[in-house]
Amino acid sequence: MKWSEFFVTGEPLIYAADVAIVLTMVGIVFVLTYFKKWKWIWNEWLTTVDHKKIGVMYIICAVLMLFRGGVDALLMRAQLTAPNMNFLDAQHYNEIFTTHGTIMILFMAMPFIIGLMNIVVPLQIGARDVAFPYLNALSFWLFFFGAMLFNISFVIGGSPDAGWTAYFPLAGNEFSPGVGNNYYAVSLQISGIGTLMTGINFLVTILKMRAPGMTLMRMPMFTWTILITCVLIVFAFPVLTVALALMTFDRLFDTQFFTMANGGMSMLWANLFWIWGHPEVYIVILPAFGIFSEIVSTFAQKRLFGYKAMVYSIVGIAFLSFIVWVHHFFTMGAGPEVNSVFSITTMAVAIPTGVKIFNWLFTLRKGKIRFTTAMLWSLAFIPNFVIGGVTGVMLAMAAADYQYHNSYFLIAHFHYVLIAGVVFACFAGLHYWYPKMFGHMLNERLGKWTFWLFMIGFNVCFFPMYFLGLMGMTRRMYTYSDGLGWTPLNVVATVGAVLMGIGFIVLCYNIYYSARYGERDMTGDPWNGRTLEWATASPPVHYNFPVTPIVDDLDAYWVMKKKQGGFQVKEEELKPIHMPSNSGRPFWISVAFFVAGFGLVFKWFALAIAGALFIVLGLILRSFENDDGYHIGVDEIKRTERAARKGA
Amino acid sequence: MGTNGHHESFPWKHLIGFVLSLLLTFAALWVALSSGLPLKAVIVVIVLFAMIQASLQLFMFMHVAESDSGKVQTFNMVYSFFIAVVVVAGSVWVMQFVL
Amino acid sequence: MGEAVHRYDETMPLEYRTEENRLNILGFWIFLGAEVVLFATLFATYLVLFQRTGSGPTAQELFQVKDVLIETLLLLTSSFTCGLAIFEMRRGRLAGLLAWLLVTLLLGIGFITFEVREFIHYVHEGATMQTSAFLSSFFVLVGTHGAHVSLGIGWMIFIIIQLLQRGLTVKTARKVFIVSLYWHFLDVVWIFIFTLVYLLGMVV
Ligand code: HEM
Ligand SMILES: [Cu+2]
């Protein structure tokens with residue numbers, strides 16, 4: 001292979017990106033060396049098994065990916081602003097909507113949610129860490145290197161261009177001969193393995209490590225949603241694993257799963273993809289519901305209305321979300337029986353979702369509402385999400401879907417659920433838990449600016465798309481001709497996208513500004529919270545709780561504050577605390593995955609095998625390891641606690 | 001929850017499980033190849049036999065219901081089999097329209 | 001559940017005695033749940049595709065009862081002997097445990113040998129993974145199972161080494177128990193391969 005084929009060439013945008021990447025790398029190396037931070041970054045971050053630090057790293061990656069996906073989005077909007085534009089050509093447009101969709105869902109929404117759950121869940125249930133801290137680190141690094149592998153496709157070898165759904169036969173060798181879709185298959189595989197392990201890890205953590213007295217029905221709502229999300233992860237991700245493996249076989253070894261000759265069935269891909277894909281959308285939306293529940297009840301200063309109904313509806317979703325997948329391809333031709341059944345199950349999913357809307361509304365009713373930034377995001381979520389949900393039910397009617405399918409109506413629908421649901425929740429959760437993560441608040445004024453810019457921009461951008469869809473504009477078209485009457489609404493949409501972009505910039509500035517000037521949180525409980533994470537210092541000490549809290553009601557910390565004036569720790573009760581040791585192995589095993597993956601992408605099988613051998617070596621070393629962690633003595637706990645609680 | 005119980009001196013449970021598995025295997029073979037039943041019936045019977053044999057493994061060999069997580073473990077297995085049936089039967093049903 | 005976790009019970013089998021062990025075992029069970037779905041997806045693929053033979057041979061032309069039966073009996077017996085290994089472990093007998101693990105290992109290797117021979121035979125007949133959708137899905141389903149068994153063999157060898165080095169401890173007991181779960185599970189999968197791939201293939 002020639003160098004000119006290896007590196008992507010010929011586009012000014014790409015050259016600019018090359019330069020930017022090289023400069024960033026040089027910059028990072030320079031800063032780390034100049035400030036003598038190599039040791040620090042290795043000991044404190046790359047080898048950490050602390051759930052809070054892992055969570056922070058997830059969120060940093062998610063924000064970076066939001067940037068990358070957002071730039072993709074703005075490029076697409078720029079191209080579509082006016083008819084017959086030549087800003088992007090067809091091929092380039094294909095690549096950009098593919099990477100945009102894939103990145104936003106798998107490398108932005110997923111890690112954002114997983115980051116928040118890493119930080120919050122162990123604290124909410126009164127645990128010292130997750131069940132398998134080492135595995136947790138491995139999960140993160142697999143996600144990280146999977147994402148890296150996907151992102152380098154942009155400059156090395158070429159991006160995937162068959163859409164984030166990668167339908168066959170388009171994604172097969174015949175129509176996508178380059179390495180782009182190999183990147184898709186391999187990098188999603190690597191990060192998917194990480195996600196699966198996260199699911200198992202948190203399932204065990206939540207089931208077995210709750211503080212004494214915290215029965216299932218006393219669990220905070222966010223923890224409940226994570227529990228069910230993990231069930232979905234554990235039972236849905238293996239389907240993706242297999243689908244991607246079959247895709248890899250087809251592309252690398254010329255098997256006949258999804259081909260068009262020798263019995264292959266391209267539509268089977270769509271079937272497998274969506275068996276995973278529909279639960280996947282609930283994997284990102286359920287935690288969002290959990291985040292909103294926490295925030296609404298905190299800032300309405302009331303217990304969540306209808307806790308039990310909420311729990312049952314979430315459990316119902318865990319079940320229903322596995323039996324609706326065909327609604328993503330009603331138009332494929334499966335016939336009236338199949339379509340009717342899945343049409344009905346799909347409408348049934350809307351019921352438990354509707355229940356929850358009423359829960360939030362009734363929680364708000366007669367509450368003493370505090371309009372913080374986190375609360376604004378949560379309040380805005382309700383009407384916006386309802387718009388997304390109602391249009392979803394319109395799409396669920398199989399016959400009607402023949403009209404809406406693959407039009408901008410669909411684009412508007414899933415952005416109304418994904419942005420108004422998931423992205424709003426991520427921002428809300430970020431503002432809400434930020435003091436817990438970093439010990440200082442995000443500035444509220446700037447936060448509200450972000451909120452209004454982004455929320456208004458979102459509606460300006462996507463609401464017109466419903467009408468564009470009804471006017472016949474189809475999804476994934478890279479340009480359109482004059483005289484169709486689509487131009488005005490497209491201009492409006494682009495304006496909205498720019499507003500969202502500005503909102504994002506304000507958010508980034510807020511992070512910088514607050515780090516320098518933000519109000520420090522000395523209490524550990526800046527919002528007058530209800531759940532146990534607010535019983536710890538901000539940021540929590542690395543063992544979280546000096547003694548395990550005892551829970552005797554829902555809203556454990558709220559009740560504690562009412563009964564005992566807070567979380568009381570008697571120094572006599574302290575016992576040595578057992579903690580897991582750091583390890584560099586998760587990091588280098590994931591590097592080996594990256595190397596092996598890269599080898600597969602380019603069919604350099606020697607490299608792939610070398611990587612695989614290192615993976616196996618890592619597993620063997622782990623098996624023979626005899627490390628039981630370490631203990632923190634009582635004296636050290638006393639010292640740490642005094643220092644951490646000075647301000648309280 | 002029956003993790004320890006009495007220390008039996010002979011692995012009766014395992015032996016019974018093994019013998020039953022062998023019987024089911026040969027029975028399935030016979031039903032499929034020499035019973036002369038109609039195809040639909042053959043399929044139903046052999047799938048049923050497979051399910052019984054799988055449960056034998058789970059309960060007699062793997063002790064799925066033991067330990068203080070026995071309920072979770074059992075539920076986990078039942079749910080995964082439910083999803084398995086949805087995926088297999090669902091896919092076959094949905095994809096049958098393709099010739 | 002949450003309350004009972006710190007119980008330490010001398011009468012429990014070794015593998016359940018520490019909190020860490022109990023978490024690991026539960027985690028592994030959940031992993032097996034994921035594996036069930038993984039294999040279910042492969043079965044779904046196979047069952048959708050197995051009559052789509054293109055220009056290649058059909059299942060009926062290919063499969064041989066004798067080979068399949070030998071493989072089935074080897075694996076089934078190995079699952080039984082693996083159970084005996086755990087039985088010995090719970091009676092605290094290291095020698096018995098090691099002996100039965102070794103037998104299990106040999107039976108497993110026997111199974112893999114026969115399977116590889118079967119695959120080679122098919123390839124010689126011109127039935128490769130690239131021939132048709134039926135064969136792609138056959139090789140990937142049965143091959144994934146075979147890869148799992150091979151992995152299990154390697155894993156078991158390392159655990160035997162650890163048993164020899166460290167004796168029967170709370171930790172090694174847990175590892176043996178978990179690998180035994182894995183091994184039994186692979187037999188569960190094989191039962192369905194035997195039924196849905198081979199038997200079905202020979203009658204449809
Ligand atoms: C920053 C604001 C965003 C804008 C302006 C935007 C815009 C777009 C546009 C123009 C398309 C392509 C439509 C087409 O030609 O088919 C698209 C597709 C898509 N977007 Fe977004 N988007 C944004 C944020 C998001 C977020 C946050 C998510 C997910 C959480 C997301 C998920 C998707 C998906 C899954 C697709 C479909 C990709 C495909 O067709 O393969 N987007 N978006
Ligand atoms: Cu769906």
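Just so you know, these numbers use all the heavy atoms, side chains as well, and skip hydrogens, waters and symmetry mates. Reminder, nothing fancy here: chain letters follow the sequence lines and each chain counts from 1.
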* Asked: Is it the side chain or the backbone of A:F249 that comes within 4.5 Å of chain C heavy atoms, both, or neither?
  -> side chain
* For chain A, which residues of residues 156-164 of chain C have heavy atoms nearer than 4.5 angstrom -> C:F158, C:I161, C:Q162
* **C:Q130 side chain vs A:D254 backbone, donor-acceptor pair below 3.5 Å** => no
* **For the student: nearest non-hydrogen atoms of C:L38 and A:P238, plus distance** => N-CB, 3.6 Å
* To do: Grab the two heavy atoms, one from A:M265 and one from C:V48, that are nearest each other, plus how far apart they are.
  => CE-CG1, 3.6 Å
* Asked: With a 4.5 angstrom heavy-atom cut-off, which part of C:T131 approaches chain A: side chain, backbone, both or neither?
  -> backbone
* Heavy-atom closest contact (C:K171 atom, A:D627 atom, distance) -> NZ-O, 4.2 Å
* Looking only at heavy atoms, what is the nearest atom pair of C:L26 and A:K208, with distance? -> CD2-CG, 3.5 Å
* **Between A:V239, A:I125, A:L196, the one whose heavy-atom pairs under 4.5 Å with chain C are most numerous** => A:V239
* So which heavy atom on C:V140 is nearest to which on A:F257, and how close? -> CG2-CZ, 3.6 Å
* **Other residues, nucleotides, ligands: >12 heavy atoms within 6.0 Å of A:Y543 OH** => yes
* Region of A:F624 that comes under 4.5 Å of a non-hydrogen atom in chain C -> both
* Asked: For C:R117, does the CZ atom have more than 12 heavy-atom neighbours from other residues, nucleotides or ligands under 6.0 Å away?
  -> no
* To do: Please flag which part of A:S623 lies under 4.5 Å from any non-hydrogen atom of chain C: side chain, backbone, both or neither.
  => both
* Side chain from CB out, backbone as N, CA, C, O: work out which of these in A:F132 comes under 4.5 Å of a heavy atom of chain C, or both, or neither. => side chain
* To do: Measure the spacing between CG of A:L240 and OG1 of C:T41 and express it to the nearest 0.5 Å.
  => 10.0 Å
* Asked: Is there a side-chain contact between C:S136 and A:Q256, using heavy atoms and a 4.5 Å cut-off?
  -> yes
* To do: Given side chain to side chain contact (heavy atoms under 4.5 Å, CB included), test C:T45 with A:L272 step by step and report yes or no.
  => CA-CA 9 Å; C:T45 307; A:L272 296 180; 3.8 Å; yes
* Asked: Rounded to the nearest 0.5 Å, how far apart are NE2 of A:H578 and CD of C:E20?
  -> 7.0 Å
* Asked: Using non-hydrogen atoms only, which part of A:I233 is less than 4.5 Å away from chain C: side chain, backbone, both, or neither?
  -> neither
* Structure fact -> Okay, A:L246 and chain C: the region with an atom under 4.5 Å from a heavy atom over there is side chain
* What distance separates C:F134 CZ from A:N262 CG, expressed to the nearest 0.5 Å? -> 13.5 Å
* Asked: Side chain, backbone, both or neither: which part of C:Q165 has a non-hydrogen atom closer than 4.5 Å to chain A?
  -> side chain
* **Heavy atoms of other groups near A:K575 NZ, more than 12 under 6.0 Å** => no
* Rounded distance [0.5 Å steps], CE in A:M197 versus CD1 in C:I30 -> 14.5 Å
* Heavy-atom distances under 4.5 Å only: say whether A:V234 touches chain C with side chain, backbone, both or neither. => both
* Winner by heavy-atom pair count (cut-off under 4.5 Å) against chain C, out of A:I620, A:T259, A:T241, A:D250 -> A:I620
* Which value, rounded to the nearest 0.5 Å, describes the distance between C:L135 atom CG and A:T255 atom OG1? -> 11.5 Å
* Heavy-atom contact with chain C under 4.5 Å, split by part of A:L135 -> neither
* Nearest atoms (heavy-atom pairs only) where C:A133 meets A:G264 -> CB-N, 3.7 Å
* Closest-packed option against chain C by number of heavy-atom pairs under 4.5 Å, given A:V204, A:V616, A:L619, A:I275 -> A:V204
